[in-house]
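Both counts, for ligands and for their atoms, begin at 1 and track the order of listing. Note: hydrogens, waters and symmetry copies are ignored here, and every other heavy atom, side chains too, is used.
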Amino acid sequence: MKIARFSRIGFILAAAGSAVGLGNIWKFPYIAGEYGGGAFVLIYLATVLLIGFSIMIAEMLIGYLGRKDTVTSFEELAPKNKNLWKLGGFQGLAGLFIMIFYSVVIGWIFNYIVTSLTSLPSTVEEAEITFNAMLHTDVFTQLFYHTLAFIWITYVLTKGIKGGIEKMNLFLMPALMIILSSMFIYATTLGAFSQAVSFMFSPDWSKINSEAFVVAVGHAFFTLSLGMGAIMTYSASMEKGSNLVKNAFWVVFLDTTIAIVAGLMLFTFLYQYGSGPAKGPGLVFISLPAAFYEMGIIGNIFAVLFFIALAFAGLTSSVSLVEPMVQYFIDRFSWSRLKASISMGLFFYLVGIIALLSNIDGYKEALTWGGKNFFDWVDFFTAAVMLPLGGLIMAIFVGFIVEKQRVESIMRPQLGFAFDAWYFSLRYITPVAMFVVMLSLMGIL
Ligand code: PFF
């Protein structure tokens, strides 16, 4: 079957849409807060630049050369041991696992768009009570909006690369950027802006332990959508003759800029209105609405716009999380797009209900092990284990397995003198770094 291709701008927006997600606006600020700010942010930024960028190019290359679903691409590019290497393509499963909690969080965001229209909590305490009531007791609201997220995402997937994914990104990504940059500009006029800058950029290394390190590296992968086949699957539909380095640059640039802009903006609001960098996933749902309340009527408008932007970021990432497995069933089992999209949608929807219940009083106890509930385990396992593992496999695959001359014929003209550095980093730096991450992970388990 002929694959529909992205336009050039369509590809960049779709890949950036994948990268810019809840990870940038919801997760990054709260984990940065949890691990003390500056030092964590620097480890994350260093990983993005030194490892993320080169893996992004490698992942694009596999998809671009393979032109198929992730499993077939690995299989076709491996000169021998095809059956072993095609296992590398199963990194696409990580996306479906991520969707288990991702869709639930998008549901919370939908709910917050609606509630911010009418009322905002006047204090952090009130905001906390509202959020916790939803999270721990309100199955109905969460289920309702999780269902809505499932329908939206599945619908877009059924429409395919051009008519669904590209079209949605062409509209939602610019809207997201306009909303965030207007709010950021407002934040720079507030007194607390400099406090936010120093929280995010002055390192306090005493806050860094091996878990913080693993989480920072894991987050760099998560936020760039690496190691789970999303970028690879999109790249299979990239126009022939595209410049992978330029495309990768744009995706990394947009993703990192948006994370920093969102972080600075949120911490400014939080410092300005007294609650500081609150800890935990409740940051944008608890501290932030109370801060918006303090701003008066503009706060109401900001709150609605902010949650709309967050929802857009989440939805554009969601389609990329599910698309690899959709493409897999289309290519390998000749399923129709409709059947593949609905089946994958139902998977994350139904298991997502378990994740949702693992936060609910009464179910929580049965769904918690080793201090983390099901929801948190899925988050931790995918970001800290599966994605770095996927990155490791891709680095070794492109660095050692795919014939060098095949890689070189495409990448040397694009990278120029940097080709050797890139290839060296894929072969030696990235695998060692990933290995260290895995080791420290074992230390903390
Ligand atoms: N990059 C997305 C985020 O930051 O929220 C999440 C994500 C999307 C991760 C797609 C992995 C992926 F393949």
Write none if no such pair exists; otherwise list each N/O atom of ligand 1 with its protein N/O partner under 3.5 Å and the distance.
unit_1	atom_1	unit_2	atom_2	d
ligand 1	1 (N)	Ser18	O	3.1
ligand 1	1 (N)	Ala19	O	2.9
ligand 1	1 (N)	Phe222	O	2.8
ligand 1	1 (N)	Thr223	O	3.2
ligand 1	1 (N)	Ser225	OG	3.0
ligand 1	4 (O)	Ala19	O	3.0
ligand 1	4 (O)	Gly23	N	3.4
ligand 1	4 (O)	Asn24	OD1	3.3
ligand 1	5 (O)	Leu22	N	3.1
ligand 1	5 (O)	Gly23	N	2.7
ligand 1	5 (O)	Tyr102	OH	2.5

- request: Anything under 30° is parallel, anything over 60° is perpendicular, the rest tilted; go ahead and classify Phe380 against Trp377.
  value: perpendicular
- request: Any ring-ring contact (aromatic ring centres under 6.0 Å, His included) involving residues 218-242? Give me the pairs, sequence neighbours left out, ordered by first then second residue.
  value: Phe6-Tyr234, Phe28-His219, Tyr44-His219
- request: Could you tell me if the ring centre of Phe131 sits under 6.0 Å from that of Trp108?
  value: yes
task: Go through the steps to decide whether Ser343 and Phe329 satisfy the test side-chain contact (heavy atoms from CB on, under 4.5 Å), and finish with yes or no.
output: CA-CA 10 Å; Ser343 315; Phe329 282 102; over 6 Å; no
statement: With Phe40 as partner, the option from Trp205, Tyr30, Tyr35 fulfilling ring pair (Phe, Tyr, Trp, His ring centres under 6.0 Å) is Tyr35
- request: Would you name the heavy atoms of Phe397 and Phe74 that are closest together and state the gap between them?
  value: CZ-O, 3.4 Å
